[in-house]
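One structure below.
Within every chain, numbering begins at 1; the chains are lettered A, B, ... in the order of the sequence lines, protein sequences first and strands thereafter. Computed from a predicted structure; not experimentally measured.
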Protein chains: 2
Amino acid sequence: MTPPPRPDRSADVKDKIRSAAKRLFTADGFDATGIRDIAAEAGVNPAIVIRHFGSKERLFVETIDANSSWSSALEGPLDEIGERLVRAVITGRRNGLQVFGSVVRASGRADVRAHLQSSLAQQFVGPLAARFAGDDAELRAHLFAAQATGLMFALSVYDDEYLISASADGIVEHYGASLQRLATG
Amino acid sequence: MTPPPRPDRSADVKDKIRSAAKRLFTADGFDATGIRDIAAEAGVNPAIVIRHFGSKERLFVETIDANSSWSSALEGPLDEIGERLVRAVITGRRNGLQVFGSVVRASGRADVRAHLQSSLAQQFVGPLAARFAGDDAELRAHLFAAQATGLMFALSVYDDEYLISASADGIVEHYGASLQRLATG
DNA sequence: GTCTATAACGTGATAGAC
DNA sequence: GTCTATCACGTTATAGAC
């Protein structure tokens with residue numbers, strides 16, 4: 001009568017798939033990593049990946065979060081937010097930028113684009129708009145997000161070698177100040 | 001001895017393929033448009049597309065230019081360059097943004113990324129660095145490009161609905177001024 | 001000999017039978 | 001859960017047409 005212990009082996013398998021997918025998607029991007037690669041790394045059969053997650057695209061969306069790396073930089077004093085965010089993007093884990101790049105490149109798919117939009121809205125624009133002052137606060141929050149993603153874009157999508165190897169201080173000074181202007185005028 | 005009349009039928013075919021490719025790549029993106037779609041629209045056989053252009057990727061690179069739409073906005077007085085560029089991006093052909101988005105999403109491929117980099121360097125960063133003053137002119141030119149692409153990115157890649165339907169004047173006022181700061185301090 | 005067309009190969013994601 | 005089939009894709013081999 002007592003239900004069997006139910007170790008629920010499938011939760012285990014899903015986790016293994018998730019972490020394999022996360023590593024491969026981050027390193028190689030959406031297109032270049034196949035279901036077979038993920039399955040091999042997780043030690044399971046390719047078909048069960050689809051069976052558990054529905055499609056490669058859904059697995060990607062469920063596994064990857066484009067903006068989690070620097071949302072913490074949005075907290076703290078508002079009059080230094082530009083500098084703080086720029087520094088977080090530049091010096092933060094290179095991993096965060098890689099993830100951002102892989103999401104951007106996969107954003108042709110509707111589900112991925114929707115995920116990118118809502119992630120930016122919830123982790124970026126929303127919190128900013130709530131803190132900014134003035135009646136154009138929402139507009140400035142959107143523009144702040146656009147400018148911030150511009151830097152991530154340069155570092156992770158088109159790989160601006162000059163900026164990648166430039167001194168952090170120079171970037172912080174100029175780009176941070178330019179961002180700050182949108183936050184506090 | 002006289003060279004043959006050279007009707008060169010193949011130039012004709014190449015042109016038809018090019019314009020079909022341009023339209024489809026722009027409208028649907030790199031992944032979603034197949035060689036077979038392009039061939040059908042051009043009225044030719046799929047195999048000759050590859051024969052003439054080598055690969056789908058090379059056809060893409062040869063057909064699409066991510067930044068040609070607004071490079072003209074970089075000319076003119078330097079003390080209004082921020083406003084001028086923002087206005088060009090916002091009010092310019094929606095086509096230019098679509099092309100930009102399709103290049104960005106295809107930038108996982110090495111050839112496409114290289115093309116995007118050199119296009120930005122030659123049409124954007126180079127001319128800017130030459131006109132900016134100060135010893136950090138080159139750094140500011142790169143940051144200017146990063147910020148400018150941030151706006152294009154918002155409008156064409158993650159499709160920020162708020163910005164897309166916002167009044168041009170508000171965006172020009174804030175983002176243009178923030179850009180201008182990098183151009184002339 | 002160059003341009004074009006037909007058919008086929010290899011690989012990818014995914015669906016269905018067992 | 002596993003295996004196999006299916007379908008679409010980019011690409012290539014090959015052979016015909018001018």
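- If you measure from atom CG of A:Asn45 to atom P of D:dC3, you get 6 Å, rounded to the nearest angstrom.
- Side-chain atoms of B:Ser107 and A:Arg105 include a donor-acceptor pair closer than 3.5 Å.
- Side-chain contact annotation: A:Glu161 with A:Ser165, donor-acceptor N/O pair under 3.5 Å absent.
- In this structure, the CD1 atom of B:Ile48 is 14 Å from the C1' atom of C:dT6, given to the nearest Å.
- Between the CD1 atom of B:Ile17 and the P atom of C:dA5 there is a distance of 10 Å, rounded to whole Å.
- In this entry the distance linking NZ of B:Lys14 with P of C:dT4 reads 11 Å, nearest Å.
- A donor-acceptor pair is defined here as one N or O able to donate and one able to accept, closer than 3.5 Å; such a pair exists between the side chain of A:Arg84 and the backbone of A:Ala73.
- Side-chain contact of B:Gln123 with B:Ser68: a donor-acceptor pair under 3.5 Å is absent, judged by distance alone.
- One interatomic measurement links the two molecules: NE2 of A:His52 to C1' of C:dA15, which rounds to 16 Å at whole-angstrom precision.
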I'd like to compare against my own output: the B/S/- annotation of nucleotides 8-14 of chain D with a strict under-4.0 Å heavy-atom distance to protein. -BBBB--

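- Side chain of A:Glu83 to main chain of A:Val172: no donor-acceptor pair is present (N/O by atom type, distance under 3.5 Å, no hydrogens or angles).
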Does the side chain to side chain contact (heavy atoms under 4.5 Å, CB included) test come out yes or no for B:Glu138 and A:Tyr162, once each step is laid out? CA-CA 9 Å; B:Glu138 188 169 5; A:Tyr162 183 93; 3.5 Å; yes

